[in-house]
**Q** 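Below are the structure tokens for one structure; questions will follow.
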Amino acid sequence: MDPVDMDVEEEIIDEIILEFDNASNNNKENDYLKILQNDRTDETAMKIKEKCIYNLSKMYTEKQQFDNIMKLLKTNNDYFGIIPKARTAKIVRQILDIAANIPDTTNIQILLCRDVIEWCVQEKRTFLKQRIEGKLANLLLSERNTNSTHEALQIINALLRELKKLDDKQMLTEAHLTEAKIYHAMRNIPKSKAALTASRSAATSIYVVPVLQAELDEMSGILHCEDGDNVTAYSYFLEAFEAFDGNKDKRALTVLKYMILCKILNVSIATSTITKDNENAISDSNILATATNEVSQLFTGKYGLKYGGNDLNALKAVSKAAEHRSLQEFKEAIATHEVYLKSNSLISNSLDELYSNMFESNLLKIIQPYSNVELFHIAKLIKLPLEQVERKLSQMILDNKFNGILEQEKGHLVIYESSDKDKNYTNALNIINNLGQVVDVLSDRAKRMNKPVIKDNKDNKENK
């Protein structure tokens with residue numbers, strides 16, 4: 001078809017749809033349904049019907065009549081049988097995206113996906129079924145429920161078995177990425193890393209769209225952040241943020257929060273090193289100043305102002321508490337902004353670890369001048385319950401954070417001076433171990449040298 005004719009055709013389609021859109025709300029639905037019942041099968045009619053399906057889906061979604069969406073698919077099997085399967089898959093995915101625009105409808109979307117999967121099985125649309133199964137696994141994962149997470153893992157494992165037979169690299173990349181997210185939600189970090197590696201391996205032989213590449217970078221950053229490698233995690237988050245921001249994706253705000261979180265964790269590490277009495281106090285304070293400046297730049301920079309709001313204000317309060325090394329400020333920030341800080345698993349887990357590290361560094365700073373101190377006095381200085389302080393100190397002693405014992409009868413903490421280990425004893429054990437290995441090697445060589453001699457003696461006896 002000539003390009004000019006195609007433009008004219010598009011204008012005609014738009015005029016027809018606009019005419020129906022200008023009609024009253026009561027007549028819109030009936031008019032769209034009448035068009036879908038029309039027997040015309042030319043390209044213009046197919047495009048008009050496709051737009052009618054989208055408009056009906058939007059109407060049913062706004063009225064929350066999700067049952068009618070499935071009826072719309074089932075009653076138009078003749079239409080879907082005429083158009084190419086790729087176009088059918090595009091229409092179904094677009095309908096699910098329209099339903100996803102309504103907030104707090106995850107359960108309804110899950111039911112809708114299950115119904116679509118059943119319809120795909122009946123109509124023998126394997127590739128579309130696989131696409132919807134991947135979407136269903138992501139929806140179940142977003143429920144943050146143990147049962148839903150296990151069901152999502154079962155779906156994705158079955159899907160991966162099918163995809164490996166077909167060698168569909170695009171779907172394999174997406175499915176392995178979903179698998180990595182599921183294992184991360186289950187706190188199985190090694191399997192999550194393996195799944196992400198498999199996803200990246202599948203992606204090497206195909207073109208990866210920027211949004212999918214951003215998802216891969218985001219997941220890599222999350223796993224590095226879990227390992228405590230905040231510098232590498234920040235670089236991955238930066239790549240993901242730029243892609244999401246460029247595509248105007250809502251996930252850009254979440255990744256920006258991850259970037260700020262990495263810098264806050266760096267501030268915490270810098271403050272903990274200053275707490276210790278070491279010779280490099282000046283260089284450590286310079287590191288702290290640099291880390292604090294980087295956090296403030298993220299808040300006051302272009303992207304911080306663009307995405308500013310309650311989410312970033314919550315992290316700003318946490319950042320100030322970490323900079324001041326104040327447990328009281330930290331707890332107040334968490335209590336005030338709990339909705340924004342505890343809703344994300346990575347941020348919640350990282351803040352719990354940050355609080356634990358701040359607690360330990362503050363305790364070490366308090367007990368540093370003492371050799372024997374009352375537990376009640378420590379609890380009074382740190383402004384926390386006595387039982388909590390006692391529990392934390394006993395844990396630190398078991399973890400060899402400092403040498404000491406708890407005298408619970410007296411309510412005292414006895415701190416011993418840290419003595420360096422005698423290296424001579426360790427070196428002597430290593431020498432003895434090495435000598436033993438040398439003797440074993442020489443013994444094996446001697447046995448191998450003696451074997452041919454024994455054979456020669458036997459041969460001489462036989463010749464005689």
Side-chain angles (χ1 to χ4, degrees), residues 84-94 96-97 100 113 126-142 152-153 155-185 188-227 229 231-259 262 303 307 344 346:
K85 289 187 176 182
R87 191 168 175 182
T88 303
K90 172 199 162 190
I91 293 171
V92 173
R93 291 201 305 271
Q94 187 70 26
L96 292 175
D97 290 339
C113 283
T126 306
F127 294 105
L128 179 57
K129 180 181 80 73
Q130 292 170 350
R131 281 280 176 190
I132 306 304
E133 282 178 341
K135 186 175 183 65
L136 176 59
N138 279 305
L139 287 170
L140 289 169
L141 178 61
S142 65
L153 182 61
I155 291 171
I156 212 70
N157 284 338
L159 179 60
L160 282 169
R161 283 194 293 271
E162 294 179 17
L163 294 173
K164 285 175 182 176
K165 293 176 184 176
L166 298 171
D167 198 26
D168 187 343
K169 297 295 185 183
Q170 180 68 34
M171 277 296 294
L172 273 172
T173 303
E174 297 176 13
H176 277 303
L177 178 59
T178 305
E179 183 189 18
K181 292 177 182 178
I182 292 170
Y183 278 124
H184 176 258
N188 192 337
I189 304 301
K191 283 195 174 182
S192 180
K193 289 180 179 177
L196 182 62
T197 303
S199 179
R200 286 193 175 276
S201 298
T204 53
S205 57
I206 60 169
Y207 169 73
V208 181
V209 295
V211 174
L212 180 58
Q213 184 62 52
E215 290 180 11
L216 290 168
D217 290 335
E218 180 188 2
M219 196 64 219
S220 298
I222 288 171
L223 293 177
H224 277 92
C225 190
E226 292 281 5
D227 287 342
D229 189 358
V231 177
T232 307
Y234 179 85
S235 63
Y236 276 116
F237 288 142
L238 181 60
E239 293 288 337
F241 173 77
E242 288 176 350
F244 283 139
D245 182 65
N247 287 275
K248 297 181 181 179
D249 196 301
K250 294 179 181 178
R251 288 171 289 184
L253 174 59
T254 304
V255 178
L256 179 60
K257 288 162 65 177
Y258 291 159
M259 291 166 60
C262 290
Y303 295 123
Y307 293 96
N344 186 286
L346 177 65

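FYI, the numbering just counts along the sequence from 1.
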**Q** Side-chain contact, heavy-atom cut-off 4.5 Å: Glu218 with Tyr258?
**A** yes
**Q** Go through it in stages, so that I can follow the logic: the residues are Leu128 and Lys85, the test is side-chain contact (heavy atoms from CB on, under 4.5 Å), and I'd like the CA-CA distance, side-chain angles, deciding distance and then a yes or no.
**A** CA-CA 8 Å; Leu128 179 57; Lys85 289 187 176 182; over 6 Å; no
**Q** Output the distance between atom SG (Cys113) and atom NZ (Lys129), rounded to the nearest 0.5 Å.
**A** 13.0 Å
**Q** Locate the shortest heavy-atom distance separating Met219 from Ala180; write the atom from each residue and the value.
**A** CE-O, 3.8 Å
**Q** Of the non-hydrogen atoms in Ser235 and Thr232, which two are nearest, and what is the gap between them?
**A** OG-O, 2.6 Å
**Q** Nearest 0.5 Å please: distance from the OG1 atom of Thr88 over to the CZ atom of Arg93.
**A** 10.5 Å
**Q** Short question: side chain of Asp249, backbone of Arg251 - any donor-acceptor pair under 3.5 Å?
**A** yes
**Q** Could you grab the distance from atom OG1 of Thr178 to atom CD1 of Ile155, nearest 0.5 Å is fine?
**A** 11.0 Å
**Q** Testing the basics here: between Cys225 and Ala233, what is the closest heavy-atom pair and its distance to 0.1 Å?
**A** N-CB, 3.7 Å
**Q** Run the numbers on Leu166 and Gln130 for side-chain contact (heavy atoms from CB on, under 4.5 Å), then give the verdict.
**A** CA-CA 11 Å; Leu166 298 171; Gln130 292 170 350; 3.4 Å; yes
**Q** Rounded to the nearest 0.5 Å, how far apart are OG1 of Thr126 and CD of Glu162?
**A** 8.0 Å
**Q** Enter the distance from Lys169:NZ to Ser199:OG here, rounded to the nearest 0.5 Å.
**A** 11.5 Å
**Q** Partners of Asp229 by salt bridge (Lys or Arg N to Asp or Glu O under 4.0 Å), sequence neighbours excluded?
**A** none
**Q** Do you know the tightest heavy-atom contact between Lys164 and Leu172?
**A** CG-CD2, 4.0 Å
**Q** For residues 157-185, which residue pairs pass the ring pair (Phe, Tyr, Trp, His ring centres under 6.0 Å) check, not counting sequence neighbours?
**A** none
**Q** Which heavy atom of Ala175 sits nearest to which heavy atom of Leu159, and what is that distance?
**A** CB-CD2, 4.4 Å
**Q** Measure across Leu160 and Glu179 and return the closest heavy-atom pair with its distance rounded to 0.1 Å.
**A** CD1-OE1, 3.4 Å
**Q** Donor-acceptor pairs under 3.5 Å, side chain of residues 236-246 to any protein atom, not counting sequence neighbours: which ones?
**A**
unit_1: Asp245; atom_1: OD1; unit_2: Lys306; atom_2: NZ; d: 2.8
unit_1: Asp245; atom_1: OD1; unit_2: Tyr307; atom_2: OH; d: 2.4

**Q** CG/Asp168 to CD1/Ile206 distance, rounded to the nearest 0.5 angstrom?
**A** 8.0 Å
**Q** If you apply the rule side-chain contact (heavy atoms from CB on, under 4.5 Å), what do you find for Glu215 with Lys181, and how did you get there?
**A** CA-CA 10 Å; Glu215 290 180 11; Lys181 292 177 182 178; 4.0 Å; yes
**Q** Within the side chain of Ser192, is there an N or O that forms a donor-acceptor pair under 3.5 Å with the backbone of Asn188?
**A** no
**Q** Would you sort out whether Val255 and Asp217 count as a side-chain contact (heavy atoms from CB on, under 4.5 Å), showing the intermediate values?
**A** CA-CA 10 Å; Val255 178; Asp217 290 335; over 6 Å; no
**Q** With the side chain counted from C-beta on, respond yes when His224 and Val231 share a heavy-atom pair under 4.5 Å apart, and no when they do not.
**A** no
**Q** Is any side-chain heavy atom of Thr173 closer than 4.5 Å to one of Gln170?
**A** no
**Q** Any carboxylate oxygen within less than 4.0 angstrom of a Lys/Arg side-chain nitrogen, looking at Lys135 and Asp97?
**A** yes
